[in-house]
Amino acid sequence: MMQLLLALFIITIFAVTPISNLWAADDIEAEADIDTEAPQPFLAIVKKPANKNGHIILSDDRRIKLDGIVLFPEGIKHLRELITKGTQVRVIPAIKSPAIQLRAEVEILPDFFIRDEMLKAGHAIMFPFYLDYETASHLRELERIGAEKQVGIWRNQEKAFRPIIVDALQAANHIGEYRIVRDVIVNHETRKNVVYLNFGDEWQTDFTVRAIDTRFLLIQNKLGWPDDLRGFTIECRGTIHEFYGPAIDLNHYGQCEIIP
């Protein structure tokens, strides 16, 4: 009887819970963990400057994942040079996270921000999620400093085995990787409540940027984009996945910009 009741309970949960809610992204907390109050900055002592994943480990064993950037492997060595064991830092949490790991900005007192330094040194690129519009724009400008100096990941991009900025034809070679795709939009259309920006004549095989139409409208209004983007060159960043051809899902206004 108990097993029957348990089975009915599980079936009921799946019946009333949308499928999308049953899949939680790596950086999204369970509802029970969400606090209505904004997380507060705090002082801490560094136990380990950076582990192999680029996490800063504090003296209480909490791990800090730098917010607003994707850190590349050679940047971990640079991170260990910037922070040493015993350094006092100010941790500025971006969102409430599980107690063992925080997504945060880290400041070495006084006024030396690790995230900013990693971007200017060319060891990271801006990761827009959880950022407000102004912060995303600011970090993009810091990223450009590293790119213009051609340091870190920006050295010899044309000859690099794993370039950071690729065109639409190269996108298929970077499935599963976080990259910036820069190219000209060939088609812009909406099908079944999804907006597709296609970078070729064959949407089933060419690189595509896609977004739910309501979400795309919000992004379009925020960025002041025209109604039709055909003929515009854009940069769009995100993890390239397979959707017939290679694709990036557009979820945040910090992901794309029109290139003059």
Side-chain angles (χ1 to χ4, degrees), residues 25-29 33-35 37-155 157 162 164-165 178-180 237 239 252-255:
D26 180 51
D27 293 310
I28 299 177
E29 295 74 52
D33 291 332
I34 295 176
D35 198 333
E37 296 183 2
Q40 297 300 308
F42 60 90
L43 297 179
I45 301 297
V46 173
K47 178 180 179 180
K48 188 173 183 179
N51 65 11
K52 64 180 181 179
N53 296 317
H55 297 161
I56 300 167
I57 302 175
L58 304 180
S59 58
D60 61 2
D61 290 328
R62 279 186 289 183
R63 299 182 180 188
I64 304 298
K65 183 176 183 180
L66 291 170
D67 183 53
I69 62 174
V70 171
L71 182 66
F72 286 84
E74 65 180 54
I76 295 176
K77 179 180 177 181
H78 185 59
L79 185 57
R80 289 170 180 157
E81 294 170 353
L82 293 176
I83 306 177
T84 57
K85 182 178 179 180
T87 300
Q88 185 181 47
V89 295
R90 182 169 177 258
V91 179
I92 309 166
I95 57 173
K96 181 173 172 55
S97 303
I100 194 63
Q101 179 174 311
L102 296 172
R103 175 179 287 278
E105 184 175 2
V106 176
E107 176 188 14
I108 298 178
L109 303 174
D111 302 329
F112 184 88
F113 293 95
I114 299 299
R115 178 174 69 183
D116 295 6
E117 178 61 25
M118 300 305 290
L119 289 168
K120 291 187 291 185
H123 292 311
I125 62 176
M126 187 267 285
F127 180 77
F129 303 98
Y130 309 112
L131 300 180
D132 56 65
Y133 179 74
E134 289 74 18
T135 302
S137 299
H138 171 65
L139 295 188
R140 196 189 298 272
E141 291 303 317
L142 294 176
E143 176 187 280
R144 286 197 181 101
I145 293 174
E148 289 171 0
K149 291 181 178 178
Q150 295 187 1
V151 294
I153 57 174
W154 304 109
R155 286 192 298 265
Q157 277 291 291
R162 284 283 181 251
I164 302 304
I165 298 179
Y178 189 87
R179 288 294 182 269
I180 300 172
R237 66 186 61 210
T239 300
H252 191 281
Y253 44 71
Q255 283 182 265

Peer 1: If you take all heavy atoms of F72 and A124, which pair is closest and at what distance?
Peer 2: CD1-CA, 4.1 Å
Peer 1: When you compare the side chain of I164 with that of R179, does any pair of heavy atoms fall below 4.5 Å?
Peer 2: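 Sidechains of I164 and R179: in contact.
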Peer 1: What heavy-atom pair brings G254 and A136 nearest, and what distance separates the two atoms?
Peer 2: CA-CB, 4.4 Å
Peer 1: Does any N or O in the side chain of R80 come within less than 3.5 Å of the main-chain N or O of P49, such that one atom is a donor and the other an acceptor?
Peer 2: no
Peer 1: Would you name the heavy atoms of Q255 and P128 that are closest together and state the gap between them?
Peer 2: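 Heavy atoms of Q255 and P128 come nearest at CG-CG, 3.8 Å.
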Peer 1: Measure the CD-CZ distance between E105 and R90 for me, rounded to the nearest 0.5 Å.
Peer 2: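 The distance works out to 8.5 Å.
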Peer 1: Once side chain to side chain donor-acceptor pair (under 3.5 Å) is applied, what residue pairs with a partner in residues 116-127 remain, sequence neighbours excluded?
Peer 2: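 Side chain to side chain donor-acceptor pair (under 3.5 Å) check on residues 116-127 returns E74-H123.
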Peer 1: Under a 4.5 Å cut-off applied to non-hydrogen side-chain atoms, are K47 and L58 in contact?
Peer 2: no
Peer 1: If you look at every heavy atom in Y253 and Y133, which pair is closest and at what distance?
Peer 2: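 Of all heavy-atom pairs spanning Y253 and Y133, the closest is OH-N, 3.0 Å.
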Peer 1: With a 4.5 Å cut-off on side-chain heavy atoms, are I145 and V151 touching?
Peer 2: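 Sidechains of I145 and V151: no contact.
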Peer 1: Output the distance between atom CG (D60) and atom CZ (R62), rounded to the nearest 0.5 Å.
Peer 2: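 That separation rounds to 4.5 Å.
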Peer 1: Mind checking the OH-OG1 spacing from Y130 to T135? Nearest 0.5 Å is all I need.
Peer 2: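 Those atoms lie 15.5 Å apart.
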Peer 1: I need the K65 NZ to F127 CZ distance, nearest 0.5 Å.
Peer 2: 6.5 Å
Peer 1: Give me the atom names and distance for the closest heavy-atom approach of P93 to P41.
Peer 2: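 Smallest heavy-atom distance, with atoms named: CD-CA, 3.9 Å.
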Peer 1: State, to 0.1 Å, how close V91 and A104 come at their nearest heavy-atom pair, and which atoms those are.
Peer 2: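 Heavy atoms only, the tightest pair is CG1-CB, 3.7 Å.
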Peer 1: What I'd like to find out is whether the side chain of I56 reaches to under 4.5 Å of the side chain of L66, using heavy atoms alone.
Peer 2: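 Counting from C-beta outward, I56 and L66 do come under 4.5 Å.
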Peer 1: For L82 and M118, run side-chain contact (heavy atoms from CB on, under 4.5 Å): C-alpha distance rounded to whole Å, both residues' side-chain angles, the deciding distance at 0.1 Å, then the answer.
Peer 2: CA-CA 10 Å; L82 293 176; M118 300 305 290; 3.8 Å; yes
Peer 1: I'd like to check K52 versus I76 (side-chain heavy atoms, cut-off strictly below 4.5 Å). Are they in contact?
Peer 2: no
Peer 1: Ignoring hydrogens and angles, tell me if any N or O in the side chain of H78 forms a donor-acceptor pair with the backbone of G122 under 3.5 Å.
Peer 2: no
Peer 1: Is the shortest side-chain heavy-atom distance between W154 and I125 below 4.5 Å?
Peer 2: yes
Peer 1: Kindly indicate whether the side chain of E143, heavy atoms from C-beta on, has any atom under 4.5 Å from the side chain of I180.
Peer 2: yes
Peer 1: Is there a side-chain contact (heavy atoms from CB on, under 4.5 Å) between L102 and D67? Walk through the geometry before answering.
Peer 2: CA-CA 9 Å; L102 296 172; D67 183 53; over 6 Å; no
Peer 1: Output the distance between atom CG (L119) and atom CD1 (I69), rounded to the nearest 0.5 Å.
Peer 2: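 These two atoms lie 5.5 Å from each other.
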Peer 1: Once rounded to the nearest 0.5 Å, what's the spacing between atom NE2 of H138 and atom CE of M126?
Peer 2: 11.0 Å
Peer 1: Among L142, L139, I92, V106, find the one that has a side chain to side chain contact (heavy atoms under 4.5 Å, CB included) with R115.
Peer 2: L139
Peer 1: Got R63 and N51 here, is their nearest side-chain heavy-atom distance under 4.5 Å?
Peer 2: yes
